[in-house]
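When reading the values below, keep in mind they use all heavy atoms of this one structure, side chains included, and skip hydrogens, waters and symmetry mates. Note on naming: letters A, B, ... go to the chains in the order of the sequence lines (proteins, then strands), and numbering restarts at 1 for each one.
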There are 2 protein chains.
Amino acid sequence: MASGCGSRPGWHGDSGKDAEHRFAASRRLFGVGEKAVIKPRSRRGGGRPTIADVARKAGVGAITVSRALREPERVSEDLRRQILAAVDELGYVPDPNARALASARAEVFGVLVPSLTNNVFAETVRGIYDSLSDSPFRIQLGNTHYSGLEEERLLQVFGPQRPAALIVAGIDQTPTSRRLLEAAGCPVVQVMETGPDPVDMMVGFSHFDGGRTAAEHMIEAGYRRIGFIGARMDPRSQRRLAGYRAAMEAAGLFDARLVTTTPVPSSVSLGRELFRGALAKMPMLDGVFCNNDDIALGVLFECHHASIAVPKTIGITGFNDLDMMQVAFPSVTSVRTPRYEIGRRSVAMALAAIAGERPEQRVVDLGFELKRRESTAR
Amino acid sequence: MASGCGSRPGWHGDSGKDAEHRFAASRRLFGVGEKAVIKPRSRRGGGRPTIADVARKAGVGAITVSRALREPERVSEDLRRQILAAVDELGYVPDPNARALASARAEVFGVLVPSLTNNVFAETVRGIYDSLSDSPFRIQLGNTHYSGLEEERLLQVFGPQRPAALIVAGIDQTPTSRRLLEAAGCPVVQVMETGPDPVDMMVGFSHFDGGRTAAEHMIEAGYRRIGFIGARMDPRSQRRLAGYRAAMEAAGLFDARLVTTTPVPSSVSLGRELFRGALAKMPMLDGVFCNNDDIALGVLFECHHASIAVPKTIGITGFNDLDMMQVAFPSVTSVRTPRYEIGRRSVAMALAAIAGERPEQRVVDLGFELKRRESTAR
DNA sequence: TAGCGTCATGGTAGCGCTACCATCTCTCGC
DNA sequence: GCGAGAGATGGTAGCGCTACCATGACGCTA
């Protein structure tokens with residue numbers, strides 16, 4: 001531990017009032033690119049090379065350096081080369097904060113999701129991330145915890161930063177959130193779901209249709225007393241439930257007692273528990289449509305524990321189609337959702353909009369796909 | 001769609017050269033707080049209230065407003081009230097970019113993880129997020145994709161922003177990354193693992209010990225030909241393998257043919273596949289220690305498919321102890337890791353350091369816990 | 001050859017905030 | 001009663017960059 005101590009002095013707060021120290025640390029930033037040409041700079045700033053240093057070295061005006069970096073085609077070949085050489089030599093990196101202040105636009109994508117651990121959102125964020133990784137844009141993450149109020153708070157925090165774009169999960173923003181999004185002055189993409197009246201753009205699919213398709217499949221497979229098990233019950237879950245209900249009603253099979261829900265966050269163990277409860281309530285259940293795969297897995301495990309035959313005695317359908325569903329025993333039918341693709345597409349649309357090429361289609365429905373597997377193959 | 005169209009004109013690039021439009025959109029930012037007092041401001045900036053506006057309204061100097069907001073105790077009760085009233089009335093929100101430029105410090109935590117979808121890191125990020133949610137700090141996320149080079153690139157991007165702190169996963173940074181971290185001029189916390197020679201601070205546990213403990217447990221439970229199955233094999237996995245190997249060697253049970261690894265990213269289906277391969281190679285296998293729970297679940301499913309009795313014929317131990325392990329059938333033994341707590345603790349340490357209260361203990365080992373379950377109860 | 005648009009380049013003036021230093025007012029000790 | 005010290009407040013001068021406008025050089029048309 002002592003070794004670590006010795007090797008990094010200076011930055012920490014306890015010497016916060018001691019400018020000497022801070023500067024010493026900052027100067028080391030060069031290290032990489034340049035051999036610490038310590039010009040006695042003014043008090044602040046810490047001495048990293050600035051655009052003015054590059055301009056001086058290249059023998060041009062600062063603004064030309066700025067242009068060479070941002071709009072190379074507007075600077076003559078000659079100067080460009082000279083400037084880039086100077087940039088290299090000094091190890092110059094533009095200060096994103098100064099840039100943001102001067103241009104009133106930060107190179108940041110604000111991303112708001114209701115959960116970081118829910119695999120569905122994690123995959124969407126990954127899609128966003130991957131699509132942005134070779135752009136100059138950074139990602140700022142916000143976790144709304146499924147709360148409208150928290151979403152408002154986060155938008156209030158994100159707004160003043162003047163992000164280049166905002167990507168938000170869901171289409172059920174509060175009126176205040178909607179207003180904040182409209183006022184953000186940047187492209188906005190609502191993801192995960194499609195619906196009428198986008199704030200700006202939308203990428204997702206119909207959860208209602210997903211739920212209905214799943215239920216219809218089970219009905220078709222011969223199940224009759226098909227339960228619905230859902231946790232958390234965010235707006236998307238509600239719509240899946242509505243789709244299930246529509247299908248069940250159309251077949252004359254709906255019964256409110258078939259539905260088991262809870263606001264508690266979803267998990268495999270909760271799925272098992274809820275299924276137990278559902279079975280106690282309705283012993284003649286012959287199938288379950290689970291609001292997501294975690295629940296479905298919980299149901300499957302409970303069936304194993306209780307020696308209930310799947311798909312014979314009970315059929316199971318999940319939602320999202322996580323990787324494990326296809327290798328489970330028996331493999332589990334699920335509705336495959338394009339969550340990674342949603343992330344990618346949302347970025348593509350936002351980037352197009354930033355570039356001034358507004359996509360014609362403002363609402364993109366990426367659909368879903370029912371994966372029929374053993375768990376409903378009666 | 002048309003409705004959405006009509007309701008948000010102006011920001012998009014196709015009218016980028018048309019300042020009129022942009023300003024119109026920006027002005028709307030007030031809307032919420034104030035009834036659009038459109039003072040004919042200078043060309044840039046879009047007209048949101050600034051600290052100068054607040055100062056004027058409150059009849060004080062701008063710097064006093066700044067202080068009232070950042071160090072309230074340094075401003076008299078009276079002025080503070082007046083200022084806060086003015087802030088409220090104008091709907092003033094400080095511009096984080098201007099703040100960052102002026103103070104040479106952004107209120108941003110840079111977070112670097114190797115994967116966004118791996119539940120382990122997702123939970124750590126969640127811990128970080130939760131600990132930061134009522135602080136002024138924002139989170140900027142970086143995904144290294146398990147690549148040292150990508151980590152370097154990201155540090156190069158994060159550095160110029162002058163983040164308030166950096167939290168990076170792992171302790172195996174490249175020399176360049178280490179240099180960049182040391183030069184960042186802010187607290188740095190390496191998370192997930194502990195080891196000698198921290199860049200600054202560390203929070204994690206010993207993966208070697210975790211692997212050894214798991215293997216020892218299986219040996220103790222009576223298993224003899226215990227395989228190791230691992231995917232991805234990042235440095236942490238390597239150390240778990242080393243721990244397993246140490247335990248096996250100590251018991252005189254090690255055999256290189258027991259080890260099955262692949263650089264391919266981990267998943268449940270891959271776990272099933274690898275186990276199949278391992279079994280084909282070593283039919284007399286009587287147990288497996290899985291590098292993580294996904295693999296373990298895949299093994300469990302394969303056992304079901306192939307009608308292999310668990311724990312009788314084969315014992316299974318996982319790593320991380322995801323929620324599902326305790327409800328699986330049979331429930332699966334696993335090494336519980338404090339990933340959420342790691343996130344929380346890392347933030348606590350970084351915040352302390354920022355406040356100048358450097359924690360005495362620079363390396364914090366949060367340990368792990370072996371959860372014995374049915375899958376190894378022979 | 002004059003006149004005009006186009007292109008490459010540069011100067012100036014901020015963007016909105018905070019560090020630094022100066023000033024002013026009180027309180028206290030002797 | 002006076003100087004020292006502490007606390008509250010303010011003015012000034014940037015932070016590093018880019019928007020805007022100006023300038024000069026060039027090529028084109030008439």
Of the listed nucleotides [options], the one nearest the side chain of [X]:
{"X": "B/R67", "options": "C/dC20, C/dT9, C/dG14", "result": "C/dC20"}
{"X": "B/L79", "options": "C/dG16, D/dT9, D/dC17", "result": "D/dT9"}
{"X": "A/I63", "options": "C/dC15, C/dG10, C/dT18", "result": "C/dG10"}
{"X": "B/V60", "options": "D/dT18, C/dG16, D/dG10", "result": "D/dG10"}
{"X": "B/T64", "options": "C/dG16, D/dC17, D/dG10", "result": "D/dG10"}
{"X": "A/V75", "options": "D/dC15, C/dC17, C/dT9", "result": "C/dT9"}
{"X": "A/Y92", "options": "D/dG14, D/dC17, D/dG16", "result": "D/dC17"}
{"X": "A/R99", "options": "D/dC17, C/dT9, C/dG16", "result": "D/dC17"}

With respect to the phosphate group of [N], does any side-chain polar atom (N or O) of [X] fall under 4.0 Å of OP1 or OP2?
{"X": "A/S66", "N": "D/dT18", "value": "yes"}
{"X": "B/R70", "N": "C/dT18", "value": "yes"}
{"X": "B/S76", "N": "D/dG7", "value": "no"}

Q: Would you give the length of the straight line joining atom OG1 of A/T176 to atom CZ of A/R153, rounded to the nearest 0.5 angstrom?
A: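 Answer rounded to 0.5 Å: 15.0 Å.
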Q. To the nearest 0.5 Å, how far apart are CZ in B/R345 and CE in B/M202?
A.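 Spacing of CZ (B/R345) from CE (B/M202) equals 15.0 Å.
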What is the distance from [atom1] of [X] to [atom2] of [N], rounded to the nearest Å?
{"X": "A/D78", "N": "C/dT9", "atom1": "CG", "atom2": "C1'", "value": "13 Å"}
{"X": "B/R80", "N": "D/dT9", "atom1": "CZ", "atom2": "C1'", "value": "14 Å"}
{"X": "A/Q82", "N": "C/dT9", "atom1": "CD", "atom2": "P", "value": "10 Å"}
{"X": "B/R74", "N": "D/dA6", "atom1": "CZ", "atom2": "P", "value": "14 Å"}
{"X": "A/N97", "N": "D/dT18", "atom1": "CG", "atom2": "P", "value": "12 Å"}
{"X": "A/I51", "N": "C/dG10", "atom1": "CD1", "atom2": "C1'", "value": "13 Å"}
{"X": "B/L101", "N": "C/dA19", "atom1": "CG", "atom2": "C1'", "value": "12 Å"}
{"X": "B/E71", "N": "D/dA8", "atom1": "CD", "atom2": "P", "value": "11 Å"}

(Q) Any salt bridge linking B/E182 with B/R179? Criterion: basic side-chain nitrogen under 4.0 Å from a carboxylate oxygen. (A)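 No, no charged N to carboxylate O under 4.0 Å.
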Q: Answer yes when B/D88 and B/K57 have at least one side-chain N-carboxylate O distance shorter than 4.0 Å, and no when they do not.
A: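 Salt bridge: no.
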**Q.** Under 3.5 Å donor-acceptor, B/D130 side chain and B/G127 backbone
**A.**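 The answer is no, because no donor-acceptor pair under 3.5 Å joins these two groups.
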Q) On a plain distance test, is the side chain of A/R48 in donor-acceptor contact with the base of D/dG16 below 3.5 Å? A)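 Check fails, no donor-acceptor contact within cut-off.
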